[in-house]
Amino acid sequence: VEKNVTIKGLVGSQDAILLSSVFKIHPQDFVVILHDREEAGYFQNDLQNLLNREILLFPMSYKRPYEFEETENANILMRAEVLNRLANKTTPEIIITYPEALSEKVINQRSLASNTFTVTLNEKLDVSFLEEFLHNYDFEKTDFVYEAGQFAVRGGIIDIFSFANEFPCRIELFGDEVDSIRTFDPGSQLSVETLDKAYIIPNVQSKLLQEERQSFFEFISPNTGLWFKDFQLTQDIIQKSFEAVKIAFDRILSTSATQVVSAPEKLFDNSQTFMRNSKLFKCIEFGKRYTLPNAKILE
């Protein structure tokens with residue numbers, strides 16, 4: 001069986017239509033790698049409309065590597081949501097991403113699991129233990145939650161804005177048991193959806209900086225299909241990004257007496273690791289340029 005497939009001649013939104021049809025017929029995990037963040041956003045939108053379900057975008061954390069104060073909170077949230085969904089998923093998922101985001105390593109599954117607090121419907125919840133967990137992970141106690149990393153306690157109601165969900169969740173207790181869990185819109189306070197479980201995840205970018213990282217390819221399941229708009233371009237951008245990271249790292253080393261940040265290899269993939277990892281998956285190339293080795297061609 002050929003592992004790689006090249007699909008030629010797709011124009012306009014035909015790529016999204018084809019992918020959504022394949023997903024409907026053979027539901028399995030897919031990671032789709034577009035040229036850049038903007039194109040990834042358009043593709044995500046097309047797929048959501050075609051499949052009528054939420055499709056997750058996996059962005060890069062930083063505007064620039066090692067500029068930790070320039071991390072984008074919304075991006076960290078989206079990355080954490082993807083990792084949480086993949087670690088606890090019950091149905092196949094499609095994840096949309098782009099080369100720079102793919103090259104940034106992720107917290108490993110073991111660390112993610114051990115740093116996640118799970119609240120489950122109809123189970124007992126020790127509020128003081130939960131508060132202690134939140135304080136230890138730098139969650140801020142506020143009157144109202146409006147951004148990730150905040151929580152509020154009012155009687156038997158606990159609002160928490162975790163880094164695993166785009167909305168905060170409201171946990172209502174009956175005695176010491178969890179009576180209901182639902183996400184809500186912090187602006188209108190209206191419920192979004194009811195849940196059986198809530199995963200409370202800290203800011204994996206800052207809080208778990210010392211934890212060992214792994215390639216995103218090691219986090220996803222081995223039978224995931226990788227869809228590349230341009231395989232060679234992905235490899236080139238990953239290498240170029242890695243070289244930029246090395247320059248930034250060397251600059252930090254030259255200005256600081258101690259090594260305060262992890263080496264580039266610990267935080268990012270380069271083109272060699274990308275090539276080695278991508279070979280373990282079924283790859284499909286569907287853009288205008290075809291460079292996948294030993295691919296079966298569909299026109």
Side-chain angles (χ1 to χ4, degrees), residues 48 52-59 61 71-91 93 95 106-211 219:
Q48 287 188 149
N52 197 21
R53 59 175 277 166
E54 185 190 15
I55 303 291
L56 296 179
L57 178 70
F58 189 68
S61 300
T71 52
E72 305 256 3
N73 226 4
N75 290 350
I76 291 168
L77 227 149
M78 286 157 94
R79 279 178 77 89
E81 187 176 1
V82 168
L83 298 183
N84 175 55
R85 185 79 67 90
L86 290 174
N88 299 291
K89 71 189 183 59
T90 47
T91 55
E93 295 285 350
I95 308 295
V106 298
I107 182 170
N108 66 68
Q109 289 214 357
R110 195 180 56 250
S111 298
L112 185 67
S114 62
N115 291 284
T116 299
F117 189 100
T118 308
V119 178
T120 309
L121 195 62
N122 301 328
E123 287 192 2
K124 283 187 162 48
L125 176 65
D126 182 337
V127 178
S128 55
F129 183 76
L130 174 59
E131 281 210 44
E132 197 178 318
F133 172 86
L134 294 169
H135 280 303
N136 286 344
Y137 281 110
D138 301 335
F139 277 74
E140 177 198 2
K141 193 169 187 177
T142 55
D143 292 336
F144 299 98
V145 301
Y146 54 88
E147 64 179 11
Q150 297 178 326
F151 75 103
V153 182
R154 292 183 303 286
I157 298 174
I158 306 155
D159 290 348
I160 305 174
F161 207 145
S162 150
F163 279 84
N165 204 305
E166 66 173 308
F167 290 109
C169 70
R170 177 160 294 162
I171 300 156
E172 295 197 30
L173 299 176
F174 184 75
D176 59 357
E177 273 193 12
V178 177
D179 197 36
S180 79
I181 309 170
R182 58 178 187 269
T183 53
F184 66 95
D185 181 327
S188 66
Q189 294 284 310
L190 295 173
S191 294
V192 178
E193 63 174 330
T194 52
L195 306 172
D196 295 329
K197 277 183 194 293
Y199 299 99
I200 314 301
I201 292 182
N203 181 338
V204 289
Q205 215 43 44
S206 65
K207 192 64 189 172
L208 309 183
L209 209 53
Q210 299 318 312
E211 301 277 344
F219 200 97

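All values below were derived from every heavy atom in this structure, side-chain atoms included, with hydrogens, water molecules and symmetry-related copies excluded.
- Closest of all the heavy-atom pairs between Q48 and I55 is OE1-N, 3.0 Å.
- For the atom pair CG of N88 and OG1 of T90, the computed distance is 9.5 Å after rounding to the nearest 0.5 Å.
- Atom OG of S114 and atom CD1 of I107 lie 7.0 Å apart (nearest 0.5 Å).
- Across all non-hydrogen atoms, the minimal contact from E81 to A164 is CG-O, 3.3 Å.
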(Q) Between I160 and L130, does the side-chain contact (heavy atoms from CB on, under 4.5 Å) criterion hold? Intermediate values first, please. (A) CA-CA 10 Å; I160 305 174; L130 174 59; 3.9 Å; yes
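- Summarising the local packing, CZ of R53 is surrounded by more than 12 heavy atoms from other residues, nucleotides or ligands at distances under 6.0 Å.
- Note that CD of E54 is 8.0 Å distant from CD of E93, once rounded to the nearest 0.5 Å.
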Q: Decide side-chain contact (heavy atoms from CB on, under 4.5 Å) for M78 and F58; before the verdict, give the C-alpha distance in whole Å, the side-chain angles of both, and the deciding distance to 0.1 Å.
A: CA-CA 6 Å; M78 286 157 94; F58 189 68; over 6 Å; no
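- In terms of heavy atoms, D159 sits closest to V145 at O-CG1, 3.8 Å.
- No donor-acceptor distance shorter than 3.5 angstrom exists from the side chain of N84 to the backbone of A80, with no hydrogens or angles considered.
- Scanning for side-chain contact (heavy atoms from CB on, under 4.5 Å) contacts around S188 gives D185, L190, with sequence neighbours left out.
- Interatomic distance, F139 CZ to I200 CD1, rounded to the nearest 0.5 Å: 6.5 Å.
- Contact record, L121 with S180: CD1-CA, 3.6 Å, taken as the closest heavy-atom pair.
- Residues that satisfy the side-chain contact (heavy atoms from CB on, under 4.5 Å) test with F129, not counting sequence neighbours, are F117, D126.
- Residues V82 and V106 form no side-chain contact, since every pair of their non-hydrogen atoms from C-beta on lies 4.5 Å or further apart.
- Side-chain contact between L125 and E123: absent, with no pair of heavy atoms (C-beta onward) separated by less than 4.5 Å.
- By the 4.5 Å heavy-atom criterion applied to side chains, L112 and F219 are counted as neighbours.
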Q) Can L173 and V178 be said to form a side-chain contact (heavy atoms from CB on, under 4.5 Å), step by step? A) CA-CA 5 Å; L173 299 176; V178 177; 4.0 Å; yes
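- Within the model, atoms CD of E132 and OH of Y137 stand 11.5 Å from one another, a figure rounded to the nearest 0.5 Å.
- The side-chain heavy atoms of N203 and D138, taken from C-beta on, include no pair separated by under 4.5 Å.
- Note that the CG atom of N122 and the CG atom of D179 stand 7.5 Å from one another [nearest 0.5 Å].
- The two residues F161 and L77 make their nearest non-hydrogen contact at CE2-CD1, 4.3 Å.
- Looking at R182, its side chain never comes within 3.5 Å of a backbone N or O of V192 through a donor-acceptor pair.
- When only modelled atom types and interatomic distance are considered, N165 and S162 share no side-chain donor-acceptor pair under 3.5 Å.
- At least one side-chain heavy atom of R170 sits less than 4.5 Å from a side-chain heavy atom of I157.
- Nearest approach of P186 to Y146, heavy atoms of both residues: CB-CA, 4.1 Å.
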(Q) Would F151 and E131 count as a side-chain contact (heavy atoms from CB on, under 4.5 Å) here? Give the steps. (A) CA-CA 9 Å; F151 75 103; E131 281 210 44; 3.9 Å; yes
